[in-house]
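Since the structure comes first, as C-alpha cells, the remarks are kept for the end.
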2 protein chains.
Amino acid sequence: MKALKIPEAAIVRLSVYSRYLNQLEKNGVTTVSSIEIAEGVNNSPAQVRKDLAYFGEFGTRGVGYNVKDLNRHIIKILGLDMEWKVVIVGAGNLGSALTQYKGFHERGFNILAVFDNDVNKVGLMIGGIPILPSTRLAEFIKRESVQVGIVAVPAKYAQEVVDVMVEAGIKAILNFAPRVLSVPSHVEYRSVDLAVNLEVLTFNLVANK
Amino acid sequence: MKALKIPEAAIVRLSVYSRYLNQLEKNGVTTVSSIEIAEGVNNSPAQVRKDLAYFGEFGTRGVGYNVKDLNRHIIKILGLDMEWKVVIVGAGNLGSALTQYKGFHERGFNILAVFDNDVNKVGLMIGGIPILPSTRLAEFIKRESVQVGIVAVPAKYAQEVVDVMVEAGIKAILNFAPRVLSVPSHVEYRSVDLAVNLEVLTFNLVANK
DNA sequence: GACTGTGAAGCCATTCACAGCT
DNA sequence: AGCTGTGAATGGCTTCACAGTC
C-alpha cells in the first residue's frame, strides 16, 4: 500500500513520460531536465518534478535525470517490469484491433486469447492469437491465472462478461463498451468510452463559438 | 463563449448521463431523480445536480427531471443536435474498427471517408465507407468542410497527419496514436492512449498489494 | 414530503518560489 | 550557475447542507 495519496492524473502522466523517455533513449540522449520533459509532453517542469517526487529522488541537482535510469524507475512504478496475462472478450472489429494493437505488446502485455460466442469465429486466429468460445472464459482465466481482462463486446452483454471475469478471479478490467458497469471494489476497473471523447470535442466547438 | 468555467470532467459526465437517459427512455421511464441518475452512473446526486446546474434549471423541485426533455437538453449542450462531418486517417486495424464503431453513428457523427496511403487499400470500402488516398486528405477536408478528424496511424506519422488536417482548416482532432502531438490552440484536441489505460490498472494492482 | 438548485465549506491537485546539492 | 526536491500558496472541483419550489 502506498504511503501518500497519489493523484490518478499523475499516473497517467508518468505513463506518458515513459513513452517520451523511450523516444529519447532511441535517439541516444542520456540526460534530460524537467524542463525538457515538460516541453516534450506539454506540461510544466514543476508538474514533472512533483510527479516524480511522489516516488523518490531520481535526479541530480544541477544536472537533471539520467534518461535510462529514470525510464527504468517509471516502468517499475507502473508495474511493467513483470508479465501481465491478458484476455480480450469480443472478436468484433474493436476486439480484433485491440488484439493486434502494438502498443500493448510493446509495453509487455501478453494477450493469451480472445473469446467470442460466434461459432464461425471460434478456432480462427487473430494475429497469431486464438479465438476461443466464451463458454470457456471462466475456466481459462482460472487455469492460466489471467490478471487483466479487456471487454470489447456490445454494451448489452458487457455486464455479464464482467460478472464472469470477476467470478473467475480476475484482478483488473478495462472496458470499452459504452455502458456503466458494476464491478466490486477489489477489482481494478477503468472504462474507455470512445464516443465520449468525440463529444467533449464537439461541446468545446459549440461552446467556444 | 460560455459565461462560467465548466470543468471538463463535468462534460464527460454529461455525456454519460445522456447515454443512461437513452436507456431509461427505451424502457419507457418518464421521470427520474438526481438520486436515480447518480445510482445509474456511479456518482453522487449532488454531483449530478451541480453538473446540470451549470447549464440551466432542467428539473422540477419535489418531482425530478423529465427523462426525454433532460436528454434533449444534454444533447443540445454537447452539440449533438447538428451534423458533424468526420474523416478517419489510417485504415489499419484500429482505423477500421473506429470506422465501423456503432457508438459514433448512434450519436450522429457522420464518417465520410477513411484515408490511407497503402495503394492496395485505396478504392476498397469499410462498412460502406470509402478508403481514399492520403494525398487527397487536405483537398477533401476543404471541399466537404469536414470539422472533425480522427488519427489512427502509427505514432511516427501522426504529427504529419495532424499538420495536414490543421492546414486544411479542420476544427477538432481526436488522436489515437501513442505520441504527444503539437496542435495549435484554435483547434480542439484530445488524445486517447489505449496503453496508458492498461498501465493505470497495473499501477494500481502493484501499489495496492 | 420530496427533490431541485446553490452558496459555502472542504478537499485535492497544480503552481510557486526557494532552499539544497552538484 | 544550474537544476532538483519540496513546503506553502493558489486555484479548481466536489461535497455539504439548506433554502426554495411543487
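Here the structure is a predicted model, which is why all the values come from computation and not from measurement. Residue numbering restarts at 1 for every chain, and letters A, B, ... go by the order of the sequence lines.
Per the geometry, CG belonging to Leu52(A) stands 16 Å off P belonging to dC3(D), to the nearest Å. Atoms CD1 (Ile37(A)) and C1' (dC3(D)) sit 12 Å apart, rounded to a whole Å. Rounded to whole Å, atom P of dT6(D) lies 14 Å from atom CG of Asp51(A). Lys50(B) has its NZ atom 9 Å from the C1' atom of dA8(C), to the nearest Å. Atom CD1 in Ile35(A) sits about 16 Å away from atom P in dA1(D), given to the nearest Å. Asn43(B) has its CG atom 9 Å from the P atom of dT14(D), to the nearest Å. Put simply, CD on Glu8(B) is 15 Å from C1' on dA13(C), counting in whole angstrom units. Atom OH in Tyr54(B) sits about 17 Å away from atom P in dT4(C), given to the nearest Å.
Within the structure, a side-chain polar atom (N or O) of Ser44(B) is placed less than 4.0 Å from OP1 or OP2 of dT15(D). For the OP1/OP2 pair of dC3(C) and a distance below 4.0 Å, the side-chain nitrogens and oxygens of Ser34(B) include no atom meeting the criterion. Taking side-chain N and O atoms only, Gln47(B) has no distance below 4.0 Å to OP1 or OP2 of dC13(D).
Of all heavy-atom pairs between Ala10(A) and Ile6(A), the closest is CB-CG2, 4.1 Å.
Between the side chain of Asn42(A) and the backbone N or O of Ala38(A), no donor-acceptor pair lies under 3.5 Å.
Among the heavy atoms of the strands lying under 4.0 Å from Ala9(A) are primed sugar atoms or P, OP1, OP2 only; no base atom is included.
Every pair tested for ring pair (Phe, Tyr, Trp, His ring centres under 6.0 Å) that includes a residue from residues 11-44 of chain B fails, sequence neighbours excluded, so the list is empty.
Mapping Val32(B) and Gly62(A) onto DNA chain C by nearest heavy atom places Val32(B) closer to the 5' end of the strand.
Of the candidates dT15(C), dC22(D), dG5(C), the closest approach to any side-chain atom of Tyr65(B) belongs to dG5(C). Side chain of Arg61(B), nearest nucleotide from dC3(C), dT15(C), dT14(C): dC3(C). Of the candidate nucleotides dT4(D), dT6(C), dC13(D), dT4(D) has the atom nearest to the side chain of Ser33(A). In the set dT14(C), dT4(D), dC16(D), the nucleotide with an atom closest to the side chain of Arg13(A) is dT14(C).
Shown here is Lys102(A), whose NZ atom has no more than 12 heavy atoms of other residues, nucleotides or ligands within 6.0 Å. For Glu144(B), the CD atom is densely surrounded, since the number of other residues' heavy atoms within 6.0 Å is greater than 12.
Side-chain atoms of Arg49(A) come within donor-acceptor range of the base of dG5(D), with a qualifying N/O pair under 3.5 Å.
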